[in-house]
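Quick caveat: nothing in here was measured; it's all calculated off a predicted structure. Every number for a ligand or one of its atoms is a count from 1 in the order of the listing. The figures here come from the full heavy-atom set of this structure, side chains too, leaving out hydrogens, waters and symmetry mates.
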Amino acid sequence: DEWKDRGAAVSIQRHVDSNGNQTHRIVKKGVQDFSFGRTLGEGSYSTVLAATDRQTLTEYAIKVLDKRHIIKEKKVKYVNIEKNTLNRLGDHPGIVRLYYTFQDERSLYFVLDLAAGGELLGFVKKLGSFDEECTRFYGAQILDAIEYMHSKGVIHRDLKPENVLLDDQMHVKITDFGTAKILDAPRPNRSSNAEGRMQLDRQEQDFANNIGIPEHERANSFVGTAEYVSPELLTDKAACKGSDLWAFGCIIFQLLAGRPPFKAGNEYQTFQKIVNLEYQFPPGFPKIARDLVERLLVLDPTKRLTIEHIKSHPFFEGIAWGKRLWKQKAPRLK
Ligand SMILES: Nc1ncnc2c1ncn2[C@@H]1O[C@H](COP(=O)(O)OP(=O)(O)OP(=O)(O)O)[C@@H](O)[C@H]1O
Ligand SMILES: O=C(O)[C@@H]1CCC(=O)N(CCc2ccc(Cl)cc2)[C@H]1c1ccccc1Cl
């Protein structure tokens with residue numbers, strides 16, 4: 001049997017030799033242990049390939065990062081954040097799991113759950129919008145995963161339909177934790193401003209300093225995705241757990257309306273709409289969903305609904321939270 005230390009590429013195999021003596025073999029997974037298949041997608045610094053473990057025939061998605069490119073683009077810290085965050089979030093059905101990492105001279109490899117269904121965004125675009133039942137199911141799975149992340153002290157900070165993947169059962173698998181924030185225990189020397197909010201971390205400071213500067217001219221700033229960025233991140237305060245719930249509100253709106261609430265000609269105009277809370281519901285937007293969204297898209301993060309309140313909101317009436325949510329069949333997207 002194998003004992004896997006997740007996040008490392010090591011597995012220890014218990015072995016009994018012919019004289020019945022028990023021995024242990026340290027087995028390090030590497031490129032040779034997998035046969036690589038089709039390209040699932042490309043990121044700015046990565047390529048994601050389907051791959052099969054030659055021994056167990058298990059299928060994975062392997063994210064391959066080019067070291068030279070990462071170093072050139074000064075993204076080494078994102079790689080470490082992604083790895084450390086995924087290692088912390090290893091035990092939830094709604095979050096892409098990291099099984100191994102290994103490297104060779106040119107690349108870093110992350111062996112992840114295969115989300116064979118692709119991106120939720122693809123389905124929203126294909127169908128135009130979701131009906132209430134589908135929005136309720138996918139919203140509930142996304143919220144359940146957010147609750148787990150927050151319970152582990154992780155803020156995603158870039159939640160959007162592109163980062164909500166789907167597995168072969170069409171269940172949610174959230175990915176892309178390179179820009180996540182790990183809420184480490186407040187260090188004694190960390191000051192916090194009036195409302196006791198954590199001070200900006202470097203990424204947020206970078207971002208705050210670069211608002212309005214076109215991406216290509218920014219000096220290494222952290223960029224969430226304009227349409228889903230929360231107002232507190234724009235008015236140069238630190239992101240908080242409420243920032244993920246702002247993005248959640250935007251996602252619920254988008255699933256039902258077929259477009260995000262805040263969208264303008266360019267990023268800067270989108271930011272203006274966000275900080276001025278300038279958005280309209282399309283005619284026919286369901287009333288109870290409207291009530292939920294209005295209580296999430298609130299400028300003051302401390303005034304947004306908490307996860308507990310969202311779960312008991314009438315919009316989620318009938319949802320069985322917890323394990324059952326992940327056992328049931330996904331409603332057919334139509
Ligand atoms: N676990 C996975 N299973 C299946 N497909 C995946 C998986 N992870 C990523 N992908 C696909 O691969 C593509 C690249 O993902 P990756 O995380 O490398 O970059 P990205 O985050 O999309 O881009 P960027 O790095 O610019 O933010 C994505 O479009 C995604 O749809
Ligand atoms: O943190 C770890 O698990 C190891 C520690 C040993 C090690 O050398 N690496 C790679 C460090 C690294 C990060 C970025 C670049 Cl561009 C190059 C090397 C780390 C690593 C290995 C494989 C995949 C990801 C990472 Cl961060």
(request) Give yes if a backbone or side-chain nitrogen or oxygen of Asn80 is under 3.5 Å from a nitrogen or oxygen of ligand 2, and no if not. (result) no
(message) Both conditions, 6.0 Å and 45 degrees, for the charged tip of Arg136 above the ring of Phe315: are they met here?
(response) yes
(request) With atom 1 (O) of ligand 2 as the reference point, say which of Lys77, Glu73, Lys83, Gln103 has the nearest heavy atom. (result) Lys83
(message) Checking the N or O distance criterion of under 3.5 Å, is ligand 1 in contact with Asn163?
(response) no
(message) With nothing but distance in play, are any N or O atoms of Val96 less than 3.5 Å from an N or O of ligand 1?
(response) no
Parallel, tilted or perpendicular: which one describes the rings of [X] and [Y], with boundaries at 30° and 60°?
X	Y	value
Phe102	Phe34	parallel
His69	Tyr45	tilted
Tyr109	Phe36	tilted
Phe137	His171	tilted

(request) Would you kindly specify which portion of Lys63 sits under 4.0 Å from ligand 1, judged on non-hydrogen atoms: side chain, backbone, both or neither? (result) side chain
(request) Flag atom 27 (O) of ligand 1 as yes if some protein heavy-atom distance to it falls below 4.0 Å, otherwise no. (result)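 Yes, there is a protein heavy atom closer to it than 4.0 Å.
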(message) Out of all atoms in ligand 1, which are within 4.0 Å of some heavy atom of Glu42? Include the element for each.
(response) 13 (C), 14 (C)
